[in-house]
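So that the names make sense, note that chain A is the first sequence line, chain B the second, and so on, each numbered from 1.
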Amino acid sequence: MEDPSSLEEYLAAAPVDLHAHFPGGGGHANKQLVLIRGGIGALAKLATDDQSRKQANAEVAGYLLARLLGWDDLVPVTVFRTVPSPSGDVDASVQVLWPAFRTAAELGIGPDAIPDEDGWRVAILDVLLMNSDRNPSNWGRVSESRTALIDHGHSLIGGQPGLSSEFATNRMNHDIPPAVREALDQVTAASAGHLRDIAEAAHVDQIVGRAASLVSGGVLTPDG
Amino acid sequence: VAVHVDVIKNEWLAGTQHRLAWVEADEAGRVTVRGDQADHWRRQLEQILGHSLDGSQVLSELQDKLSGTALSATEPHEPTSCPFRHAEHGTLQATPVSDPPRVGAR
């Protein structure tokens with residue numbers, strides 16, 4: 001499917017038939033599985049306060065930016081919607097769950113273990129998003145064959161900007177491959193497209209400016 | 001009494017979570033990683049934190065830093081209150097939201 005918008009629309013509007021939680025067991029007060037009508041399993045991150053709302057927006061922004069770049073094979077479809085929860089209906093980011101996903105930490109692999117093209121794509125996403133938390137627990141492989149990313153809450157739009165990404169660090173001051181520059185052109189040409197529906201204008205302008213700077217400069221730098 | 005955090009893999013689609021390792025700090029602040037792949041997880045956790053696992057404060061750091069979709073860490077606790085004291089696995093608790101369509105009686 002070249003155009004994922006129909007899946008986005010379905011995910012955003014279809015009924016939720018079930019929600020489920022892990023009791024006790026660690027760090028999941030704001031996360032729940034939701035079963036979307038038709039059998040789609042997705043993870044909802046609940047926006048229960050200002051910070052969690054920013055992080056939920058950042059999850060959606062990570063997907064929208066990947067899609068704008070034509071790299072939505074790296075980030076699963078993510079939307080912002082209302083979901084039922086134990087405390088009633090709550091706004092949330094809702095992200096389709098990767099099947100057969102193992103993190104880099106589980107696999108014991110580093111950024112050098114994936115194809116260089118994928119490494120460049122992750123590096124660019126991290127620089128544009130100002131991802132302050134790319135670590136071995138939030139990237140990995142699907143069936144040990146496809147690079148896959150999760151957890152984009154710690155970023156500019158999530159209110160925790162920075163740049164902590166070995167993918168980016170390893171490529172600093174390197175020439176950006178032509179195919180990657182072409183993808184960056186899509187961000188500037190569309191002026192970030194639907195990102196403006198989910199993020200503050202100033203943040204989106206920073207992302208677009210950074211993309212334009214990367215294209216014009218031709219090399220990877222921390223601030224584009 | 002030594003306290004520890006559990007490092008957990010969350011298999012949301014399978015509806016299960018299981019403990020990968022646990023990180024224990026004794027009263028002197030010595031930190032030990034335990035489990036079947038303790039050495040592997042010490043390396044990975046040090047990479048995630050960005051420093052070595054020294055001092056009891058790393059337990060709280062792990063809880064803060066490791067709170068993702070796939071991997072997470074519990075808050076520090078004593079063995080008697082460990083959620084994995086009886087089994088290495090946990091299961092999702094589901095709440096149906098809607099009733100399935102009813103089939104008319106024949």
Please classify the contact of [X] with chain B as side chain, backbone, both or neither, using a heavy-atom distance under 4.5 Å.
| X | result |
| --- | --- |
| A:Leu33 | both |
| A:Asp17 | both |
| A:Ala104 | backbone |
| A:Glu106 | both |

Rounded to the nearest 0.5 Å, what separation is found between the [atom1] atom of [X] and the [atom2] atom of [Y]?
| X | Y | atom1 | atom2 | value |
| --- | --- | --- | --- | --- |
| B:Leu66 | B:Leu71 | CG | CG | 5.5 Å |
| A:Arg171 | A:Thr221 | CZ | OG1 | 15.0 Å |
| A:Tyr63 | A:Ile198 | OH | CD1 | 12.5 Å |
| B:Gln93 | A:Phe22 | CD | CZ | 10.5 Å |
| B:Ser67 | B:Ile8 | OG | CD1 | 11.5 Å |

What residues of residues 36-53 of chain B sit under 4.5 Å from chain A when you count only heavy atoms?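 If one takes a 4.5 Å heavy-atom cut-off, the residues of residues 36-53 of chain B near chain A are B:His40, B:Trp41, B:Gln44, B:Gln47, B:Ile48.
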Counting the benzene-type ring for Trp, do A:Trp139 and A:Phe167 have ring centres under 6.0 Å apart?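 Yes, the ring centres sit under 6.0 Å apart.
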Using the side chain to side chain donor-acceptor pair (under 3.5 Å) rule, take A:Thr147 and A:Arg141 through it: C-alpha gap first, then chi angles, then the decisive distance, then the call. CA-CA 5 Å; A:Thr147 303; A:Arg141 306 282 277 170; 2.7 Å; yes
So which atom in B:Asn10 and which in B:Gly68 form the shortest heavy-atom distance, rounded to 0.1 Å?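 Nearest heavy atoms, B:Asn10 then B:Gly68: ND2-O, 4.2 Å.
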Looking only at non-hydrogen atoms, find the nearest pair between B:Leu59 and B:Val5 and report the distance.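 Distance-wise, the nearest heavy atoms are O-CG1, 3.7 Å.
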Tell me, with the steps shown, if B:His77 and B:His4 meet side chain to side chain contact (heavy atoms under 4.5 Å, CB included). CA-CA 6 Å; B:His77 55 270; B:His4 71 268; 3.1 Å; yes
Specify whether B:His18 and B:His89 have parallel, tilted or perpendicular ring planes, treating 30° as the upper limit for parallel and 60° as the lower limit for perpendicular.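 Ring orientation, 0 to 90° scale: tilted.
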Hey, which of B:Val7, B:Asp64, B:Thr16, B:Val97 has the most heavy atom pairs under 4.5 Å with chain A?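 Most pairs with chain A among the choices: B:Val97.
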Between A:Arg102 and A:Glu144, is there a salt bridge with N-O shorter than 4.0 Å?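 Judged by the 4.0 Å cut-off on N to carboxylate O distance, A:Glu144 and A:Arg102 do form a salt bridge.
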How would you list, in number order, the residues of [range] that have a heavy atom less than 4.5 Å from chain B?
| range | answer |
| --- | --- |
| residues 90-101 of chain A | A:Leu97, A:Trp98, A:Pro99, A:Phe101 |
| residues 48-58 of chain A | none |
| residues 119-133 of chain A | A:Asp133 |

Are the side chain of A:Glu59 and the backbone N or O of A:Ala44 linked by a donor-acceptor pair below 3.5 Å?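 Side chain of A:Glu59 to backbone of A:Ala44: no pair is present.
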Top of A:Leu18, A:Ile150, A:Val16 for chain B proximity - count of heavy-atom pairs under 4.5 angstrom: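 When all of A:Leu18, A:Ile150, A:Val16 are compared, A:Leu18 has the most.
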